[in-house]
Amino acid sequence: MHPSNVLRTMMNTKSRIIVAIASLLLILTFFFPLWTIDLNAPQYPEGLGIRIWLDQISGLKPNDLQSINGLNHYIGMKVIDPESIPELKIMPYLIVFMIVFGLFNAYMKNRKLVYLWLILFVILGAIGMYDFYMWEYEYGHQLNPDAPIKVPGMTYQPPLIGSKQLLNITAVSLPSIAAIIIFISIFLNILALFLDSKKVKT
Amino acid sequence: MKTISKKMLLSAFGILFLFALIYAGCNQSKGTLTGNEAEQVYVAPGTYDEFYLFTSGGFSGQIGVYGLPSGRHFKTISVFSQNPETGYGYSEETKAMLNTSYGFIPWDDSHHPELSMTDGVPDGRFIFINGNNTPRVAKIDLREFETTEIIEIPNSAGNHASPFVTENTEYIVASTRFSVPVPQNDVPISSYKENFKGTISFIKLDPKTEKMNLEFQIIVPGFNYDLAHAGKGPSHDWAFFTSYNSEQANTLLEINASKNDKDFVAAVNWKKAEQYLKEGKAKTYNAEYYRNYVDHKTQIAVSEKNNQVKVLDPKDCPGMMYYLPTPKSPHGVDVDPSGEYIVAGGKLATVIPVHSFTKMIKAIEEKQFDGEISGIPILKYDAVVAGEVKDPGLGPLHTEFDGNGYAYTSAFISSEIVKWKIGTWEVVDRIPTYYSIGHLCIPGGDSKKPFGKYVIALNKITKDRYLPTGPELTQSAQLIDITGEKMKLLLDFPTVGEPHYAQSIPADLIMKNSVKFYKIEENGNPYAVKGEKDSRVERKGNEVHIFMTAARSHFSPDNIEGIKVGDAVYFHITNLEQDWDVPHGFAVKGMNNSEILIMPGATRTIKWEPKQTGIYPFYCSDFCSALHQEMQGYVRVSPSNSNVPLAFSLGK
């Protein structure tokens, strides 16, 4: 690839369409959970878990959040209250911003701005993951000293991705559909830049 | 010497061996299993049974719930009897369920469970059961396995021929086993023939509100009405009732009611009865009776007193009712899946008479009558009978069908099930039961489309079948495979109370609708508290209302002071859990009624009247969690004139 191609400012139509699709795809993230944490234990054959969305935290089943909070009080974990998590109020705006920004790029054909979009989204994603990790750390470590069940040395931080045994419960944490949609959107933007540069080369 | 003794020893062993063989042979004839029966009834841990079986509790007044083919007992549904295990009939929310015109009655004798039907097939919505002693019919909601309605039947005594349903559960029937003066009256018992009457009742089930209403009664001659079944298909409009004691004896019935060679099957055209009711042919009788039902919103049982009932007299309603002569003191009356054949279990008869619906209609058209009783024409036996099953065993009682052209009749005296072919009336197989079978049950065996597979023998006597438990032994059911040409005994299993009759249905028709817990936001109990912050104690004169919550693993409040001797204390406990299988229990030391079990999301109230001062612990009686043993509290009871202030707290 010639450096001048990379630095070229205008995108071709095909890539602009891909950038537009990638942006519009992000609308779907409002309709699917971002992350899932499933808690597996023999007493819960029907499953128990939480679903983290852009703007809320819900149960796998309608009352799971309440059940999990009920279980967590034995180990002194803080009540998971979606109202007290400001990120859930900010995230929807960030996604709306990224959608608008992406559509703007498709309209403007400006390759540099697409780079900026990509860098910004990856940084936001990284911050999000770190933030998520910190919430998990806080819930897992800040335990009420009056908790009825205290196991020396035990903390209850769920994994970021993967599975972990927490007393009788196996916690499995995995990205869900909305997260995958974000990955696809990022990938499509990279693809748009790539196709565009290829076309010019020939 | 030595050789002789050896020979003797050998022959002694030989004789012993012979005895052993005979003994084993005897055991064989007592139903010892030989093939792969164990595999057929084995339901592996963690897997489900294929069918639910609902057995009557008889004198326990309840319904037993079992799985088939395993015979495992899952639950006893509280119906007519108080149950201190759950607080049914003790808690303020359920007490009204047992109200009658005779006052609060905490017991009855429940005989015949009957599943609701749609198009002649069990639909798994409700199961009904009769109260025989103080005539009642109960409706159990199979979403919850809870009794949600009980209606009392006036002008009746011994509600035995009940509660059989019509093809689409339009009506649930009831009738008198013990005829009595109607309306009740202080008359000499010897004036039976003159004063005693029977009634046949039709309870309408509103398809929308699911409410039961005693639509009308038919006043009938004073016989003993024993069992019933509604028609299906071509006989949809009809219901059939057996009667005995057509002699109208009022003493020593075992002799005096067994004189006539034939008694009657009563055929009632309920469509015609509806029409006469609409035309205003019914008389209004004054009769006090209760209907108790669970209010949908509050989940509290409410009693409604009714004072009148519409009564039709066959004399004023031609074509509504006929008698089919039937040998002899018949018990069961069972309509085959096609709706054409009406099988009567003539318990003292030497044959099983089978009537033909087609022939009955023809005989009515041709007026083939043999006299009449109280305006009810008696049809000629030969004009209605389709055939007789010869040599059906002694004491044939009750018949069900497999849907493949065969009928299965229980024979009480000869203690066996007899399989015979519909149409040829030939007996094709028989199997002994252990012992003294009453009714029998085939899944869907009284419906248009029997599910078949098994016949369940419901036995009165068990003698040596189980480990002895003193003079009172368990009742029992036996599971018999009917998929092959020969019936095959698979399993004995004990039942709770006496299984007069049972009904069975594929599990998937019920389990898909099973309620797991009650949504707390839909809890309409006026004493519910939907969060711990609203828990409190209020005094109104000498009534104290404790609005308490239960959640793993504490009650709120759990320290209560200011209660006085002479107070009526109401514990209104709301279970805040919103998860399956997490009930909490509640009991206070010295309480004079029972514990209560509170299902997740529900509110239950128990009344306590402390009589002595002191400290009273209360606790959760249903092991709910790892800290269940910590789920407790204290109430301080002070003298009636004390001025200890009312106070309540949690965690202070």
Side-chain angles (χ1 to χ4, degrees), chain A residues 36-51 56-84 139-140 142-156 165-172, chain B residues 43-48 511-523 528-535 549-556 558 574-584 598-602 619-620 622-633 649-652:
Chain A
T36 67
I37 301 177
D38 284 336
L39 305 176
N40 301 318
Q43 304 92 310
Y44 294 92
E46 70 277 28
L48 182 70
I50 55 179
R51 299 288 174 263
Q56 57 162 323
I57 296 177
S58 66
L60 166 63
K61 301 190 302 306
N63 299 297
D64 275 14
L65 194 55
Q66 186 187 339
S67 299
I68 290 166
N69 281 329
L71 289 175
N72 286 348
H73 101 277
Y74 290 118
I75 50 168
M77 196 185 275
K78 270 195 340 192
V79 169
I80 301 169
D81 176 16
E83 289 302 310
S84 71
Y139 276 115
Q142 287 197 6
L143 304 173
N144 184 341
D146 289 336
I149 297 173
K150 275 187 277 193
V151 181
M154 186 74 191
T155 58
Y156 303 95
Q165 189 70 29
L166 302 169
L167 298 186
N168 62 323
I169 287 167
T170 313
V172 181
Chain B
V43 177
T47 59
Y48 293 134
M511 60 187 287
K512 62 174 190 242
N513 299 322
S514 207
V515 169
K516 293 192 163 86
F517 56 85
Y518 301 99
K519 286 183 183 146
I520 190 93
E521 61 271 20
E522 289 170 11
N523 183 329
V529 269
K530 299 189 180 180
E532 267 174 24
K533 62 181 190 322
D534 297 324
S535 61
T549 62
R552 284 166 288 180
S553 305
H554 58 272
F555 293 104
S556 175
D558 68 0
T574 303
N575 181 347
L576 294 177
E577 309 283 355
Q578 291 289 276
D579 197 1
W580 198 14
D581 203 13
V582 197
H584 288 291
I598 313 118
M599 295 305 127
Y619 71 105
C620 175
D622 188 325
F623 203 110
C624 60
S625 62
L627 296 167
H628 162 75
Q629 285 300 81
E630 283 73 14
M631 194 161 171
Q632 64 168 59
S649 61
L650 167 71
K652 275 179 195 156

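Note that this is a predicted model, so its numbers are computed, not measured. Chain A is the first sequence line, chain B the second, and so forth, proteins listed ahead of strands; every chain is numbered from 1.
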If we ignore hydrogens and angles and just use 3.5 Å, is the side chain of [X] paired with the main-chain N or O of [Y] as donor and acceptor?
| X | Y | value |
| --- | --- | --- |
| A/Asn69 | A/Val79 | no |
| A/Asn63 | B/Asp579 | no |
| A/Asp64 | A/Arg51 | no |

Note to self: According to side-chain hydrogen bond (donor to acceptor under 3.5 Å, both in side chains), who are the partners of B/Glu577, at least two apart in sequence or on a separate chain?
What the structure shows: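 Here the qualifying residues are B/Arg552, B/His584.
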Checklist line | All side-chain hydrogen bond (donor to acceptor under 3.5 Å, both in side chains) counterparts of B/His554, not counting sequence neighbours | finding: B/Glu532
Item checked: Any residue meeting salt bridge (charged side-chain N to carboxylate O under 4.0 Å, His left out) with A/Lys78, in chain and number order, not counting sequence neighbours ->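 A/Lys78 satisfies salt bridge (charged side-chain N to carboxylate O under 4.0 Å, His left out) with A/Glu138 only.
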Item checked: Close approach to chain B in residues 36-47 of chain A, criterion heavy atom under 4.5 Å ->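 Those residues of residues 36-47 of chain A which have a heavy atom under 4.5 Å from chain B are A/Tyr44, A/Glu46.
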